[in-house]
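Each remark here refers to the structure printed beneath this line.
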Amino acid sequence: QVQLVESGGGLVQAGGSLRLSCAASGRAYNNYAMGWFRQAPGKEREVVAAISPSGDRAYYADSVKGRFTISKDNAKNTVYLQMNSLKPDDTAVYYCAARRSLLNYAYYSDSHYDYWGQGTQVTVSS
């Protein structure tokens, strides 16, 4: 079992930045692909970014390309999402997810993930 705990959410003005963290319990973290997803009120959950187990492959949703950066620190069992130039449309609950994978692949579908955190709220005011 893997437990995921997100942190770093909050209220920020448009144009500002936040960094989300997701700490994972368990061993062999370097065998886990990680993803960040978000869900806004009344909308379906959508992928934001994903990263491969080794951390050298990443996927980004078109809506966040050039503004968000996902990174993974296997020594600290932690994945990060650096969010810059935030917009009100980025307001959502952000979830991190994990999937054990022998393939060095960044999975972008939520159906690929087995473990989920409880979520952290990000609110961007205009």
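Start at 1 with the first residue, then count along the sequence.
Looking only at distances, no side-chain donor or acceptor of Q39 sits under 3.5 Å from a matching main-chain atom of E46. Between the side chain of T78 and the backbone N or O of K76 there is at least one donor-acceptor pair closer than 3.5 Å. Within the 3.5 Å criterion, the main-chain N or O of R57 finds a donor-acceptor partner in the side chain of S52. The backbone N or O of S63 lies less than 3.5 Å from a partner atom in the side chain of R67, making a donor-acceptor pair. With hydrogens and angles disregarded, no donor-acceptor distance shorter than 3.5 Å links the side chain of K87 to the backbone of S126.
Put simply, CG on N74 and CE on M34 are 10.0 Å apart, with the number rounded to the nearest 0.5 Å. Atom CD in E6 sits 4.0 Å away from atom SG in C96 (nearest 0.5 Å). If you take CD1 on I51 and OG on S71, they are separated by 6.0 Å, rounding to the nearest 0.5 Å. To the nearest 0.5 angstrom, T69 atom OG1 is 11.0 Å from M83 atom CE. Atoms CG and CG, from N30 and D73 in turn, are 11.5 Å apart once rounded to the nearest 0.5 Å. Once rounded to the nearest 0.5 Å, the distance linking CD of Q1 with OG of S25 reads 8.5 Å.
Annotation for W36 and I70: closest pair CD1-CD1, 3.6 Å, computed over non-hydrogen atoms. Contact between P53 and A33 at its shortest, heavy atoms only, is CG-N, 3.7 Å.
At a threshold of 4.5 Å between non-hydrogen side-chain atoms, the residues T120 and L20 count as touching. Side-chain contact between V122 and T91 is absent, with no heavy-atom pair separated by less than 4.5 Å.
Ion pairing between D114 and R99 fails under the 4.0 Å rule for side-chain N and carboxylate O. Looking at K65 and D62, a side-chain N of the basic residue comes within less than 4.0 Å of a carboxylate O on the acidic one, giving a salt bridge.
F68 and Y80 fall into different hydrophobic clusters, defined by Ile, Leu, Val, Met, Phe, Trp and Tyr side-chain heavy atoms under 4.5 Å apart, directly or through other members.
Residue pairs meeting the side-chain hydrogen bond (donor to acceptor under 3.5 Å, both in side chains) criterion with at least one member in residues 12-21, sequence neighbours excluded, are S17-N84.
When only modelled atom types and interatomic distance are considered, Y94 and R38 share a side-chain donor-acceptor pair under 3.5 Å.
Annotation for Y105: hydrophobic cluster partners, listed by chain and number, are F37, V47, Y59, V93, Y95, L103, Y107, Y108, Y113, W116 (ILVMFWY side-chain heavy atoms under 4.5 Å, direct or chained).
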